[in-house]
Structures are given as C-alpha cells and as structure tokens.
There are 2 protein chains.
Amino acid sequence: MDSLVDADLTALLRERGYRVTRPRRAVWEALSAAEDHLTVEQVCARIRDAGHDVDTASVYRTLDLLEELGLARSSRLGDSDASRWEVAHPDEHFHLVCTSCGRVDHHIGSLVAQVRDHLDAGHGFAVDEVELTVTGRCSECR
Amino acid sequence: MDSLVDADLTALLRERGYRVTRPRRAVWEALSAAEDHLTVEQVCARIRDAGHDVDTASVYRTLDLLEELGLARSSRLGDSDASRWEVAHPDEHFHLVCTSCGRVDHHIGSLVAQVRDHLDAGHGFAVDEVELTVTGRCSECR
DNA sequence: TTGATTGCAAATGCTTTGCAGCCGC
DNA sequence: GCGGCTGCAAAGCATTTGCAATCAA
C-alpha cells in the first residue's frame, strides 16, 4: 500500500519541482495510514513509532506543503486549539464532533455542495472553501 | 442604547449569581456596539478608546463568561489564529470570509437549519452547534 | 557541486493561570 | 467583612523562523 501512496507523492513533488525527502515521505505515510484526524504532535509520534525521527518544525512545514499540493487538509475541530490534519479526500464532506466521546466522524452528502451552489448562483460570492463542523452528541453518547 | 444593553447583562449576571463589574460592562458594551467580529485585542482597544482600561486577561475571562451565558459567540475565521467574537444573535447564520479584502459577512438563511434537521432526523446525532464558514471572494473582490 | 531542506533552538503570538489586593454585595 | 474579580506578571502551548549543516538531484 505504501508503494502506491508513495508513488503519488513522489510524482507530485517532482512535478512541482520539490525534492523527495525522508521527512516528507514519513509525514505522508503517517497521514495516509491514519483513520482519524491527527494533530502535529500525533503525526510526530506515529513517525517515531515507525522507527524514524522527524523534527516538529519539519512536520509543520511538510503539512503546509501537502496542503498546498492539495494532498492534505487541516481543520480546527472541537475546542482544542491544535489544528488537526487529514488526507484531502476528493469528495466534499463535513465533520461531526461528539462533545462527549470526542469522536470525529466524516459525513458525506450533498449539503456542502448545496451551500456552494446556493452562494455561487445567487450571491456573487466566489466560493473557495466550505467548512462545516457540527458539534453535539453521537448516537452512542446521546 | 447602552442602558437597554446594560439592563440585559446586569439582570442575567445577577440571576446566575455573578457580580456586575466594570470590566464586564465594558466588554459587553464594546461587543454590542461592534458591527463586525472583534479579536480580544480589538475589544481591549475599544474599551480603551471609551476611556476605560481593562486588562487583557480579564477580557478573556469575561468573554468566556459571556459565551457561557449565551450572550457571545466565538469563532476562528479565515487564516488568523486569534479567535473573533460577536454578540450571539438568536437567528442561525454563517460566515462568508473574503480572502481578498478580509471582510466577514453574515449570511442568514435556512441552510444551517437544514443541516440541523437533516442530522436530527436521520442520523441519531444530537446537534448542539452548527458552524459553517465559507471562504472565497466577495462580490466586490472577485 | 549546489541549493533546497532539515534539525535545532530561539522567538512569537494567543491564551491561561497563580496570586495578592480590590470591590461588589 | 467576605469572597468573587481584577490586574499583573509569568507560564503554557501551538506554531514560526533564522541559520548552519545536510542531502537530494
């Protein structure tokens, strides 16, 4: 699996004139393998667990780069003050944050697209990004 | 105007067993008078402009209190890392952030309610808060 | 070789906290 | 007067930055 993931990253980096380095591969692998959203600290931890060691500053720099490349996406979820990162999925989705168990679910649907269409069509606002976060209690905690 | 605004705050504070102090009134007045969203630093500045002087820490504490009372609302808008505060309007709205001029518009509509209904009805998720932020370019900047 | 990239450490900026003194009740 | 609140200063975190050393190309 890593090979495919790696191929994507490598190709994109080269294409844009960036170098393919170990920190960059490590961050990307940690992020791709993650089920949930990761803080920078968690990304570092997973890289360490995988036997590598990458400086926190480099992780920040790499995540910013991945975002610029369209491969990663950051959001501020819940009440924590640390940004959380995930792989940028092509489909638009939003987040359901449970205030009780802390779980973050993805919810894929037409809602985000509806917002986009609504604004594009009638309000002269050129939508770039739609960020929708819903907090509450999930089905298991309610 | 201030008198009405003040009356609301005073009554609510007393009711909940909190004291009515000058910093609390000053923060509330600054926030109520503001058209747009204010950072903590901006709240301090406006209070100073009004001839008072309040410590930043107290402003933070007061804003947290106002949020708990349901009078104020905070959000992280755009790319800035400082929270921005506004009076908690009873109607649900979302924010349109222009990445070019930085302006933040309120947009009132049924969209937020739609999201809420959608989730409440079919997904077993007890919605507490819906936060919707749209970034892009406003009609004047596009 | 060459310059982009990293690691390290220091700096920055927002926010929180401990505590002594003050002031609303 | 009592105890909640404030102001002050220091601490806490997440994030950024300067710079010399490193390493991909």
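Chain identifiers are assigned alphabetically (A, B, ...) following the order of the sequence lines, protein sequences preceding nucleic acid strands; residue numbering begins at 1 within each chain.
Distances from the side chain of R14(A) to the nucleotides dT15(C), dA25(D), dT15(D) place dA25(D) closest. Distance from the side chain of R19(B) is smallest to dC23(C) among dG13(C), dA25(D), dC23(C). In the set dT15(D), dA24(D), dT15(C), the nucleotide with an atom closest to the side chain of V40(A) is dT15(D).
Atom CZ in R16(A) sits roughly 17 Å away from atom P in dA4(C) (whole-Å rounding). At whole-Å resolution of the value, CG in D81(A) and C1' in dT16(D) are 16 Å apart. Rounded to whole Å, atom P of dT17(D) lies 10 Å from atom CG of D64(A). Taking atom CD of E15(B) as the reference point, atom C1' of dC25(C) lies 17 Å away to the nearest angstrom. In this structure, CG of L63(B) is placed 15 Å from C1' of dT6(D), rounded to the nearest angstrom. We find that CZ of R25(A) is positioned 14 Å from P of dT5(C), with the value rounded to whole Å. Remark: C1' of dC13(D) and CD of E41(A) are 10 Å apart, rounded to the nearest angstrom. Per the geometry, CZ belonging to R48(A) stands 12 Å off P belonging to dG7(C), to the nearest Å.
The distance from the CG atom of L13(A) to the CG atom of L69(A) is 6.0 Å, given to the nearest 0.5 Å.
A sub-4.0 Å separation between OP1 or OP2 of dC22(C) and a side-chain N or O of R22(B) is absent. In terms of phosphate contacts, Y60(A) brings no side-chain nitrogen or oxygen within less than 4.0 Å of OP1 or OP2 of dT16(D). In terms of phosphate contacts, S83(B) brings no side-chain nitrogen or oxygen within less than 4.0 Å of OP1 or OP2 of dC14(C). Taking only side-chain nitrogens and oxygens, S58(A) comes nearer than 4.0 Å to OP1 or OP2 of dG7(C).
The aromatic ring centroids of H107(A) and H95(A) lie 6.0 Å or more from each other.
Mapped onto DNA chain C by nearest heavy atom, T21(A) and D55(B) fall at different nucleotides, with T21(A) at the one closer to the 5' end. Mapping T56(B) and V59(A) onto DNA chain C by nearest heavy atom places V59(A) closer to the 5' end of the strand.
A side-chain N or O of E86(B) and one of H106(B) form a donor-acceptor pair less than 3.5 Å apart.
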What's the verdict on side chain to side chain contact (heavy atoms under 4.5 Å, CB included) for E131(B) and L132(A), showing C-alpha distance, side-chain angles and the deciding distance? CA-CA 6 Å; E131(B) 177 133 20; L132(A) 174 56; over 6 Å; no
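A57(A) comes within contact range of at least one nucleobase, with a heavy-atom separation under 4.0 Å. Contact annotation for R24(A): backbone-only contact, meaning every heavy-atom pair under 4.0 Å involves sugar-phosphate atoms and none involves a base.
Under the 3.5 Å distance criterion, the side-chain polar atoms of T62(B) are left unmatched by any main-chain donor or acceptor of R24(B).
A donor-acceptor contact under 3.5 angstrom links the side-chain atoms of R61(B) to the base of dG7(D).
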